[in-house]
Amino acid sequence: MHKNKTVIGLGIAVIFYLLGPFVLSDYMLYLVNLAAIATIGAVGLNILTGYTGLIAMANGAFIGVGAYTAAVLYTKLGVPFLLTIPIAGLMTAVIGMIFGIPALRLRGFYLAMSTLAAQILLMFIFNNWTSVTNGERGIFLAPPNLFGFSLVGDKGFFFLTVGIATLGMLFSYNLFKTDTGRAFIAIRDRDIAANIIGVDIFKYKLISFAISSFYAGVAGALFGFYMTYVSPEGFGLNVSIDYIAMIIVGGLGNLWGGLLGAIFVVILPEFVDKGIEIVGQFIPMEYTFAAFRQLVFGLMIIVFLVWEPKGLAEIFRRLFCWLKAKIFSPKSEMEPQV
Amino acid sequence: MTISESLLKVDNIHLTFGGLKAIDGVSLEVRNDELVSLIGPNGAGKTSTINCICKFYDIDSGQIFFHGENITRLKPHQVARRRISRSFQNLDLFKGMTVLENVKLGAHINVRSGILADLLYYGKSRKEEKELEEYIVEEIFSLFGLAKYRNKHVGSLPYGLQKKIDIARALAARPMLLILDEPVAGMNSDETKEITEDIQKIREANISILLIEHDMDLVMNISDRIYVINFGENIADGTSQEVTANPDVIEIYLGKSFEN
Ligand SMILES: Nc1ncnc2c1ncn2[C@@H]1O[C@H](COP(=O)(O)OP(=O)(O)O)[C@@H](O)[C@H]1O
Ligand SMILES: [Mg+2]
């Protein structure tokens with residue numbers, strides 16, 4: 001039964017992966033690409049915040065570090081495109097660990113403030129270290145080559161972004177099957193007990209920062225190449241907040257949370273857009289789209305925090321259980337879990 | 001038989017909280033393969049003493065040795081690596097994990113595979129994970145009868161079971177010294193009997209035990225030696241006969257239960 005489910009799931013994933021670019025419209029592909037990139041960042045942030053319990057407000061800037069690293073390596077140093085992605089990840093992991101150090105002794109509000117400072121400092125560097133970042137003008141990236149094919153547009157990127165997002169989720173899944181992941185959760189749940197059991201709290205918090213930032217760096221590199229342009233405004237505090245929204249809405253400390261939250265946050269503006277269009281026919285809308293989007297966003301975070309702190313992942317889980325009960329065996333109960 | 005080798009030696013330790021002297025010169029020793037009990041009225045400083053051994057508290061003065069090594073200045077996770085494990089008086093389980101995962105993390109100090117292997121779940125990581133699970137299911141879950149709860153989240157289980165899981169987790173590290181802080185507190189007589197049997201089985205595995213407990217029947221029955229402390233000071237120590245015959249002990253601690 002369990003095996004069957006896995007096989008069916010894998011089958012659907014492979015079919016989507018192989019056929020996706022040919023059946024989806026360019027616009028849909030664009031959304032999928034954005035969602036895949038966001039999934040990488042959100043799964044990474046979930047490792048730090050959802051599983052290790054460390055609130056971080058600098059994910060936007062960490063994504064920026066990855067984007068700039070890849071862009072500089074690619075445009076200024078001629079490093080092959082595929083190589084820039086892991087290097088961007090490693091670079092961001094190092095930066096993430098450096099900013100993680102002062103955070104080791106802090107919790108909750110103070111940790112949020114310390115990572116907020118990291119966000120502001122990194123933005124300052126993006127804006128002002130012009131010899132490397134070009135400041136506000138940003139860096140343009142020519143479409144990269146992959147195995148001799150020019151990687152342009154939404155179709156070309158689909159395989160890369162969805163492929164890496166899938167790998168990212170797989171690695172995260174593995175992590176929480178093993179000792180390192182358990183140490184993270186233990187730090188979140190009861191750091192004193194974890195320490196007395198033998199978990200070196202500082203070491204594991206740093207590792208969590210490193211892994212999470214690695215994901216952010218990879219997401220940033222992909223984002224830069226996909227947009228063919230890297231500039232500071234892509235990595236501001238609003239981006240950090242978007243990512244926090246993703247994992248709260250998707251499900252903190254849940255593997256699927258990162259994916260569902262990313263999809264939600266990427267397509268939400270589309271719905272808001274449509275909503276404004278429809279409502280705008282009857283009531284003149286003076287609000288700008290951006291302000292309205294932020295409003296809906298803030299509301300969603302509150303709604304989830306209050307009514308469904310386990311996020312969309314939990315809602316989907318219950319939905320699946322309900323469907324399963326309806327379809328297969330009317331008697332089977334909902335499985336209690338997590 | 002020669003005198004057994006000293007395993008843990010706590011030498012005249014002091015600890016203050018603000019102005020309060022929680023521990024005012026406690027000394028004790030646990031030798032290889034011994035079961036030593038630490039008793040005393042509530043607030044005597046028993047939990048504080050083991051918190052000092054585990055380095056959760058930094059002592060003001062005194063020294064602690066384990067296997068002849070001075071561990072006074074180690075960090076908590078370093079003490080754990082010396083193979084000292086403990087259970088907690090007020091359960092400290094990881095609520096977000098299943099029973100199996102909680103107990104697995106208890107073996108953290110024995111896990112060798114690194115982070116990269118864990119991310120890939122490949123080679124050493126996969127092998128170690130399988131072996132760990134086998135060891136826990138066969139050796140530890142069978143001892144405590146926990147097998148049927150393995151995939152339950154700990155928060156949903158009754159108190160008595162959680163106590164067992166706490167001990168199971170401490171045992172998973174394969175400790176040389178197991179410290180138990182009131183393992184039967186709040187348990188009914190059946191559960192107390194079960195835990196007592198479990199403790200005896202742990203002893204048979206040549207694990208030394210430092211036991212804190214209020215249940216006098218239990219303490220008197222299974223201890224090799226007993227230390228009595230009060231107001232953070234040693235009052236008496238010796239075998240159960242010696243301790244129960246000590247007038248100071250009768251007066252400050254045992255008197256009540258003896259009279260009844
Ligand atoms: N974290 C703490 N802060 C302040 N006082 C404490 C703390 N822990 C214990 N104490 C005090 O130290 C004394 C010894 O406590 P404890 O070691 O828990 O006693 P026991 O375990 O023997 O009942 C008590 O007076 C208690 O109130
Ligand atoms: Mg106590």
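Every chain is numbered from 1 and lettered A, B, ... according to where its sequence line falls, protein lines coming before strand lines.
Within 6.0 Å of CE in A/Met91 there are 12 or fewer heavy atoms belonging to other residues, nucleotides or ligands. Atom CZ of A/Phe320 has 12 or fewer heavy atoms from other residues, nucleotides or ligands within 6.0 Å. Within 6.0 Å of NZ in B/Lys201 there are more than 12 heavy atoms belonging to other residues, nucleotides or ligands.
With a threshold of 4.5 angstrom between heavy atoms, B/Arg169 approaches chain A through side-chain atoms but not through N, CA, C or O. Of the two parts of A/Leu167, neither the backbone nor the side chain holds a non-hydrogen atom closer than 4.5 Å to a non-hydrogen atom of chain B. Of the two parts of B/Leu93, only the backbone, made up of N, CA, C and O, holds a non-hydrogen atom closer than 4.5 Å to a non-hydrogen atom of chain A. Only the side chain of A/Tyr204 comes within contact range of chain B, with at least one heavy atom under 4.5 Å from a heavy atom of that chain. In this structure, the portion of B/Val111 lying under 4.5 Å from any heavy atom of chain A is its side chain and not its backbone. For chain B, the nearby part of A/Ile207 is the side chain; its heavy atoms alone come within less than 4.5 Å.
The ring-ring contact (aromatic ring centres under 6.0 Å, His included) analysis of residues 56-104 of chain B, with sequence neighbours excluded, yields the pairs B/Phe17-B/Tyr57.
Counting only distance, with no hydrogens or angles, the side chain of B/Asp118 and the backbone of A/Thr180 share a donor-acceptor pair below 3.5 Å. Using a distance-only test at 3.5 Å, with no hydrogens or angles considered, a donor-acceptor pair links the side chain of A/Asp189 to the main chain of B/Lys95.
Atom NZ in A/Lys177 sits 12.0 Å away from atom CG in B/Leu119 (nearest 0.5 Å). Rounded to the nearest 0.5 angstrom, B/Tyr121 OH and A/Phe171 CZ are separated by 15.0 Å. The line from CD of B/Glu129 to CG of A/Asn174 is 10.5 Å long, rounded to the nearest 0.5 Å.
Of the listed residues (B/Leu132, B/Ile115, B/Thr98, B/Asn151), the greatest number of heavy-atom pairs within a distance under 4.5 Å of chain A belongs to B/Ile115. Interface check for chain B: of the options A/Asp179, A/Leu175, A/Ile197, the most heavy-atom pairs under 4.5 Å are formed by A/Asp179. Between chain A and the residues B/Lys55, B/Lys104, B/Arg81, B/Gln78, the largest count of heavy-atom pairs under 4.5 Å involves B/Lys104. Highest contact tally toward chain B, considering only A/Asn195, A/Ile192, A/Ile211, is held by A/Asn195 [criterion: heavy-atom pairs under 4.5 Å].
Counting all heavy atoms, side chain and backbone alike, A/Ile196 lies closest to B/Pro76 at CG1-CB, 4.3 Å. For the residue pair A/Gly198 and B/Ile109, the shortest heavy atom distance occurs at CA-CG2, 4.0 Å. In this structure, B/Leu105 and A/Ala183 approach most closely via the heavy-atom pair CD1-N, 3.7 Å.
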